[in-house]
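First comes the structure, then the notes that go with it.
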Amino acid sequence: MVHECEEGANVGHLVTPMLTGRRSWWLVEVTLAEDKPLYQVAANMSTNQALLDAQLNLLDNTFGYIKSMALKAALDLRVANAIDHHGGAATLPQIVDRVTLHPSKVPSLRRLMCVLTVSGVFGVRPADGSSELLYALTPTSRLLVGPRNLVSITAMSLSPHFVASYLELGTWFQQELPEPCIFKLAHGEPLWKLAEHDATFDALINDGMVSDTSFIMDIAIKESGEVFQGITSLIDVAGGLGAAAQAISKAFPHVEYTVLDLDHVIAKAPTGTNVKYIAGDMFESIPPANAVFLKWILHDWGHDDCVKILRNCKKAIPPRDAGGKVIIMDIVIGAGQSNVKHREVQALFDVYMMIINGIERDELEWKMMFSEAGFTDYKIIPVLGARSIIKVYP
């Protein structure tokens, strides 16, 4: 309760809880001026609390990159593998035994694990019969171990080539589109040009794409495998090393599969698969097929370039009544779940794509491109988390 006092009185040593909504605080050692009633003190404290809450949010955003770098350190040290080696849960000494770590950094590793548990990458609980904490794999960190892990795509996104590029984001906003992109501004040449002559960087990109494709295609086939039913041939445009085509071929072995990509990519394509590889440029022409597949391709390009690619896709496929269609796997902003994490990831991806002057699109933007390229109908299937499958018909 709050005690009333006589008008004009000063009050000290008031230790009384005050409650407003979900917030509570104690007024301790308060001295009121003659013209300042108690409710004004509460209002001032509420304002101060709001300021502190705002600062907390600002700090959380300011130091958000620490979470990313903590995750990168965990990848470099193979912390998830160390925990997995012990059955999915391990103490710090057990983790230390499995990672490359200087002995003087063991206390620092404990601090790193604190960040990684607070952010939900790992779980933590007291170990039975020990003063040590037990760190456990969570659904998130289980994506960093096993045969279909996402280590390579995560490592790619957290690599210096990518992270350093965004230090130029503010400068990039002050320059006219289209050139240079953020990546070129930071590194002196576009991402794809660097990949052509830097074998290590090219491997980083290709391994990342294979990692993501192996993971997402397994889910796509289980959730919406019907999009691939009824087709006799499929060409995976800009399909890299063919991970998507190979995944689809296991579920639909009767289909003829072809991957179209640039010379330097096709040169590294695997052999001994039932997928055919063709060197070519999607901006010039696309070989004929019953269906065209575009996974995470169109978000790399602006509107006009996408229309050009889609027109070539339309030329490559038969009419709709003969089974012709384009299958796109990409983000449709606003599609799918409406929770905060889902919306945040879609928004982050949109800014992420600025690195090559790419863009994530909402349904209206997709519809405009489809119409301009000559397509008559489409269907969005939001079954892949932040991404969707889009079926487009001539």
Side-chain angles (χ1 to χ4, degrees), residues 78 81 84 143-156 159 191-192 194-297 300 309 312-313 316-317 323 325-330 384 387 389:
R78 297 176 59 84
N81 300 84
D84 187 52
L143 297 179
L144 305 178
V145 297
R148 283 198 174 91
N149 66 72
L150 293 175
V151 169
S152 293
I153 187 67
T154 306
M156 184 196 84
S159 70
L191 185 150
W192 306 121
L194 179 61
E196 286 180 11
H197 65 80
D198 186 326
T200 301
F201 183 67
D202 187 46
L204 180 74
I205 300 296
N206 286 329
D207 289 348
M209 293 299 102
V210 169
S211 165
D212 175 73
T213 298
S214 299
F215 171 78
I216 204 67
M217 288 308 303
D218 182 59
I219 297 173
I221 291 167
K222 290 175 180 176
E223 293 293 326
S224 293
E226 68 275 4
V227 301
F228 302 106
Q229 291 177 349
I231 62 177
T232 56
S233 60
L234 179 143
I235 183 159
D236 185 0
V237 174
L241 301 181
Q246 291 174 44
I248 301 169
S249 71
K250 291 178 181 177
F252 303 94
H254 64 281
V255 179
E256 180 183 334
Y257 297 95
T258 305
V259 171
L260 174 74
D261 216 311
L262 300 175
D263 289 337
H264 76 277
V265 177
I266 297 300
K268 300 179 179 66
T271 58
T273 73
N274 61 343
V275 176
K276 182 168 66 175
Y277 294 85
I278 296 178
D281 188 338
M282 63 187 173
F283 288 104
E284 295 178 1
S285 66
I286 294 172
N290 196 225
V292 173
F293 184 59
L294 294 160
K295 175 195 169 287
W296 247 9
I297 302 302
D300 291 348
I309 295 167
N312 285 339
C313 290
I317 59 175
K325 61 183 171 183
V326 176
I327 303 167
I328 298 171
M329 190 177 294
D330 226 317
L384 300 177
R387 286 177 278 187
I389 295 173

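- Under the salt bridge (charged side-chain N to carboxylate O under 4.0 Å, His left out) criterion, Asp330 pairs with no residue at all, not counting sequence neighbours.
- Taking both residues in full, the closest heavy atoms of Ile205 and Leu191 are given as CD1-CD2, 4.3 Å, listed atom of the first, atom of the second, then distance.
- Taking CD1 of Ile328 as the reference point, atom CH2 of Trp296 lies at 15.5 Å (rounded to 0.5 Å).
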Only pairs under 3.5 Å count here: list side-chain donor-acceptor contacts from residues 219-239, not counting sequence neighbours, and write none if there are none.
unit_1	atom_1	unit_2	atom_2	d
Lys222	NZ	Asp218	OD2	3.2
Ser233	OG	Asn290	N	2.8

Report task. For the pair Trp192 and Leu262, evaluate side chain to side chain contact (heavy atoms under 4.5 Å, CB included) and give the outcome as yes or no after the intermediate values. Result -> CA-CA 11 Å; Trp192 306 121; Leu262 300 175; over 6 Å; no

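- By the 4.5 Å heavy-atom criterion applied to side chains, Leu260 and Pro287 are counted as neighbours.
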Query raised in the report: Given the rule in the side chain to side chain contact (heavy atoms under 4.5 Å, CB included) test, do Lys295 and Asp212 qualify, once you have shown the distances and angles that lead to the verdict?
Result: CA-CA 10 Å; Lys295 175 195 169 287; Asp212 175 73; 2.8 Å; yes

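- Here Leu150 contributes atom CG and Phe215 contributes atom CZ; the two are 5.0 Å apart, rounded to the nearest 0.5 Å.
- The nearest pair of heavy atoms linking Ser249 to Asn274 is OG-OD1, 3.4 Å.
- Between atom CD of residue Glu196 and atom CZ of residue Phe201 there is a gap of 11.5 Å, rounded to the nearest 0.5 Å.
- Under a cut-off of 6.0 angstrom, the local environment of NZ in Lys268 is crowded, with over 12 non-hydrogen atoms contributed by other residues, nucleotides or ligands.
- Within the structure, the ring-ring contact (aromatic ring centres under 6.0 Å, His included) test picks out the following pairs touching residues 257-283 (sequence neighbours left out): Phe283-Trp301.
- Expressed to the nearest 0.5 Å, how far CG of Asn149 lies from CG of Asp84 amounts to 10.5 Å.
- Here Ile278 contributes atom CD1 and Asp261 contributes atom CG; the two are 11.5 Å apart, rounded to the nearest 0.5 Å.
- Here the closest heavy-atom approach between residue Pro270 and residue Gln246 is recorded as CG-NE2, 3.6 Å.
- Minimum interatomic distance between Val292 and Cys313 (heavy atoms only, all atoms of both residues): CG1-SG, 3.6 Å.
- Looking at every heavy atom in both residues, Lys325 comes nearest to Ile317 through N-CD1, 3.6 Å.
- Here the CD1-CD1 distance, from Ile309 to Ile286, works out to 7.5 Å after rounding to the nearest 0.5 Å.
- Across all non-hydrogen atoms, the minimal contact from Met217 to Ala247 is CB-CB, 3.8 Å.
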Query raised in the report: Under the side chain to side chain contact (heavy atoms under 4.5 Å, CB included) criterion, do Ser211 and Asp207 qualify, and how do the steps go?
Result: CA-CA 6 Å; Ser211 165; Asp207 289 348; over 6 Å; no

